[in-house]
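Notes for the one structure printed next.
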Amino acid sequence: MASRTLNRVTKALLAPALALGATVGLASAPASAAVWNSCDQWASTNLNGYTLYNNIWGGGAGSQCIWANSGTNWGVWANHPNTGGIKSYPNQTKAINKSITSLGSLSSSYNVSVPSSGAYNTSYDIWDTDHDYEIMLWVNKTGPVGPIGSSQGSVSLGGHSWNVFKGTNGSNEVFSFIRTSNSSSGTVDILPILKWIKDTKRWMGNETIGDVQFGYEITSSSGGLDFRTNSLSVSSS
């Protein structure tokens with residue numbers, strides 16, 4: 001099951017206190033000195049037009065540290081216990097702030113290195129400005145994780161094939177697109193996915209897209225695991 005991934009401020013209001021403080025050192029940071037790193041629960045910084053968040057928001061979380069060489073090359077070392085429930089969504093955020101119909105294009109390219117163990121998904125999390133709708137695009141997943149809601153069949157959009165789920169977390173609608181096979185790199189044409197939701201399925205109207213986030217929704221990473229975004233870019237017009 002997937003949990004809602006709100007913006008950092010809202011999650012700060014909702015998240016319970018961490019069972020363990022995220023204060024360990026950056027044991028698995030890159031050999032080259034990162035331009036920024038932090039083990040703070042809500043750490044954030046702005047680099048190269050992107051905002052990076054450590055974002056340890058779930059109950060029962062362990063330790064997690066984020067590092068960045070740039071706004072598009074970053075990663076986390078996370079040691080979360082092997083228990084249920086999402087612990088964190090460290091992510092890279094690009095502000096869009098355009099309505100679907102005013103967008104001429106919206107796409108993203110990703111290249112990641114992720115562990116073969118643990119329980120997590122690597123996903124885009126796309127929000128409208130009012131946080132009424134959440135569109136998740138899972139490009140890979142490992143372990144016992146799954147989306148919220150019920151199956152809506154399969155579709156090929158944006159250069160990928162997806163299994164689609166629709167549901168609600170009690171606060172907003174969630175549309176999840178789970179890639180039919182795991183991928184560590186590629187390009188996603190996001191705008192056709194938004195138009196399919198709006199025009200073909202009529203699940204939402206002409207919403208203003210606020211943020212496109214990309215990161216790792218981590219349920220467990222016992223013993224400490226590395227999640228690395230080798231490169232990630234979001235472009236729009």
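On a predicted model such as this, the values are computed, not experimentally measured, just so you know.
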Are any non-hydrogen side-chain atoms of [X] and [Y] less than 4.5 angstrom apart?
X      : Y      : result
Trp74  : Trp36  : no
Thr122 : Phe227 : no
Thr129 : Asn97  : yes
Tyr124 : Gln213 : no

Any side-chain donor-acceptor pair under 3.5 Å between [X] and [Y]?
X      : Y      : answer
Ser123 : Tyr216 : no
Asn230 : Asn111 : yes
Ser161 : Ser156 : yes
Ser233 : Tyr110 : no
Ser107 : Ser235 : yes

Exercise for the section: Mind checking side chain to side chain donor-acceptor pair (under 3.5 Å) for Ser116 and listing every partner two or more places apart, or none if nothing turns up? Expected result: none
Handout entry: Asn79 side chain to Gly223 backbone, donor-acceptor under 3.5 Å
Key = yes
Give the table of side-chain donor-acceptor pairs shorter than 3.5 Å for residues 185-203, with sequence neighbours excluded, one pair per line with atom names and distance.
| unit_1 | atom_1 | unit_2 | atom_2 | d |
| --- | --- | --- | --- | --- |
| Thr187 | OG1 | Ser109 | OG | 2.8 |

Handout entry: Phe175 six-ring face occupied by Lys166 cation (under 6.0 Å, within 45°)
Key = no
Fill in the blank from the handout: Heavy atoms of Lys87 and Gly85 approach each other most closely as NZ-O, 2.9 Å
Exercise for the section: Step through the shown structure and confirm whether more than 12 heavy atoms of other residues, nucleotides or ligands are within 6.0 Å of NZ on Lys94. Expected result: yes
Could you give the side-chain donor-acceptor pairs of residues 143-154 under 3.5 Å, partners two or more places apart or in another chain?
| unit_1 | atom_1 | unit_2 | atom_2 | d |
| --- | --- | --- | --- | --- |
| Ser150 | OG | Gln152 | NE2 | 3.2 |
| Ser151 | OG | Gly153 | N | 3.4 |
| Gln152 | NE2 | Ser150 | O | 3.3 |
| Ser154 | OG | Asn163 | OD1 | 2.7 |

